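Data first, discussion second: the structure below is written as structure tokens.
Just follow the structure's listing: the first ligand is 1, and inside any ligand the first atom is 1. The figures that follow rest on heavy atoms only: side chains count, while hydrogens, waters and symmetry mates do not. Computed from a prediction, not measured in an experiment: that's the story for all the values here.
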Amino acid sequence: MLIKKPADIAPSEITPPELYSRRREFLKSAATLGAMALLSPFASDTVARATDDDLKPTPYKDLTSYNNFVELGSGKTAPARYAGTLRSKPWRVAVEGHCEKPGAYNLEDFLSPHKTEERIYRLRCVETWSMVVPWLGIPLNTILPRFKPTADAKYVEFTTLLDPERMPGQRVNLLPWPYVEGLRMDEAMHPLTLLATGLYGKELPDQNGAPLRLVAPWKYGFKSIKSIVKIRFTDRPPRTTWNLEASDEYGFYANVNPNVDHPRWSQRKERRIGDFFRRDTLLFNGYADQVAGLYTGMDLRKNF
Ligand SMILES: Nc1nc2c(c(=O)[nH]1)N[C@H]1C(S)=C(S)[C@@H](COP(=O)(O)O)O[C@H]1N2
Ligand SMILES: [Mo]
């Protein structure tokens, strides 16, 4: 797989064309609001009105009070209630596996000198709710090359913090802890893939995966692993949490696909948080133009 260097990628390619003009609208409206307004949750309503419905950001309040983060409790409201236990500062990130420059870093050193960008992405959960999130993040393809992955680095594995003191949900054996997710190397290097550090112009709230969370917008929400402490280059597919838990329900790829049902429910429709009517789920969550090429020749029913 040919991997483009960041320098070869035009800004219009990094931000997909369909998002590009809207991102400018978002920035323009954000600018008129001023920095203070952007820091306020009320900014969400104003920003929302500046965009069309499909990428209208979900209100800040909903993004931060309706969550899935089993380590902070099961149920959609528990993560916000237990958020205070996580203590995401200070934070360290380890880089391991098939690379020439492994290491352990303070978060600040891990992120520097990379610039964060705003990206408004759809997020589609396997349980058929969806949201639109104005992320702040760093494209993973600008960070990974620093560690000089070797030719054996075919996949990237991500691991969440393991600490039952700070993550009360880990005192219960609901899932095999710690939470692990993974991407194929070319998926990790795709320009859409982010390491998110914030949303709505502010730092990530704990319940959304502070201080560092993966975002691959064409995949179901469970791939976007939260509160990452380890990144490991591997030569075989990582053993991911939900796939270990129920391999017939949650595949390694987890690409959003309205044509492949979950064994217990259809994936054809979704309910956008805040909407009354359900809407059609889009192949690759609406990012087919950008990512379908990653899966050429693969049977998406088998590799779900
Ligand atoms: N570590 C960890 N990451 C996780 C989860 C989790 O339980 N633990 N839940 C996943 C699921 S199923 C979804 S849908 C998204 C939800 O992200 P949100 O709460 O920001 O909407 O986080 C994903 N990342
Ligand atoms: Mo989910």
Legend entry - Sub-3.5 Å N/O-N/O distance, Trp242 and ligand 1: no
Inset, instruction - Pull out every atom of ligand 1 sitting under 4.0 Å from any heavy atom of Ile225, numbered as shown with elements. - result: 3 (N), 24 (N)
Inset, instruction - Looking only at protein heavy atoms, identify the closest one to atom 24 (N) of ligand 1 and say how far it is in Å. - result: Ser224 O, 2.9 Å
Legend entry - Test of ring centre spacing under 6.0 Å for Tyr287 and Trp218: no
Legend entry - Quiz item: cation-pi between Lys202 and Tyr60, 6.0 Å / 45°: yes
Legend entry - For atom 9 (N) of ligand 1, closest protein heavy-atom neighbour: Asn68 OD1, 3.0 Å
Legend entry - Side chains of Tyr200 and Glu118, donor plus acceptor under 3.5 Å: no
Inset, instruction - Would you check whether Asn208 has a nitrogen or oxygen atom less than 3.5 angstrom from a nitrogen or oxygen atom of ligand 1? - result: yes
Legend entry - Distance-only N or O hit between ligand 1 and Glu71, under 3.5 Å: yes
Inset, instruction - Starting from atom 14 (S) of ligand 1, find the nearest protein heavy-atom neighbour and note its residue, name and distance. - result: Cys125 SG, 3.6 Å
Inset, instruction - For Thr160, counting its heavy atoms only, list the atoms of ligand 1 lying under 4.0 Å from any of them. - result: 1 (N)
Inset, instruction - For atom 11 (C) of ligand 1, find the nearest protein heavy atom and state the residue, atom name and distance (0.1 Å precision). - result: Phe222 CA, 3.6 Å
Inset, instruction - Could you list which atoms of ligand 1 come closer than 4.0 Å to a heavy atom of Asn67? - result: 18 (P), 19 (O), 20 (O)
Inset, instruction - Say whether Thr281 and Glu270, considering side chains only, have a donor N or O and an acceptor N or O under 3.5 Å apart. - result: yes
Legend entry - Contact check, Glu181 vs ligand 1, heavy-atom distance below 4.0 Å: no
Inset, instruction - Could you tell me the residue and atom name of the protein heavy atom closest to atom 3 (N) of ligand 1, and the distance to it rounded to 0.1 Å? - result: Lys226 N, 3.1 Å
Legend entry - Under-4.0 Å salt bridge between Lys219 and Glu187: yes
Inset, instruction - State yes or no: are the ring centers of Tyr220 and Tyr253 separated by less than 6.0 Å? - result: no
Legend entry - Contact (N/O only, under 3.5 Å) between Trp129 and ligand 1: no
Legend entry - Minimum-distance protein heavy atom relative to atom 10 (C) of ligand 1: Tyr179 OH, 3.5 Å
Inset, instruction - For atom 20 (O) of ligand 1, find the nearest protein heavy atom and state the residue, atom name and distance (0.1 Å precision). - result: Arg213 NH1, 2.9 Å
Inset, instruction - Say whether Val70, considering both its backbone and side-chain N or O atoms, lies within less than 3.5 Å of an N or O atom on ligand 1. - result: yes
Legend entry - Six-ring centre of Phe252, Lys223 cation under 6.0 angstrom, axis tolerance 45°: yes
Legend entry - is_close_aromatic(Tyr295, Phe284), centroid dist under 6.0 Å: yes
Legend entry - Phe304 with Tyr155, same ILVMFWY side-chain cluster at under 4.5 Å: no
Legend entry - Lys89 and Glu203 ion-paired at < 4.0 Å: yes
Inset, instruction - Specify the protein heavy atom at minimum distance from atom 15 (C) of ligand 1: its residue, its atom name, and the distance to 0.1 Å. - result: Gly221 O, 3.5 Å
Legend entry - Tyr66 ring center near Trp129 ring center (under 6.0 Å): yes
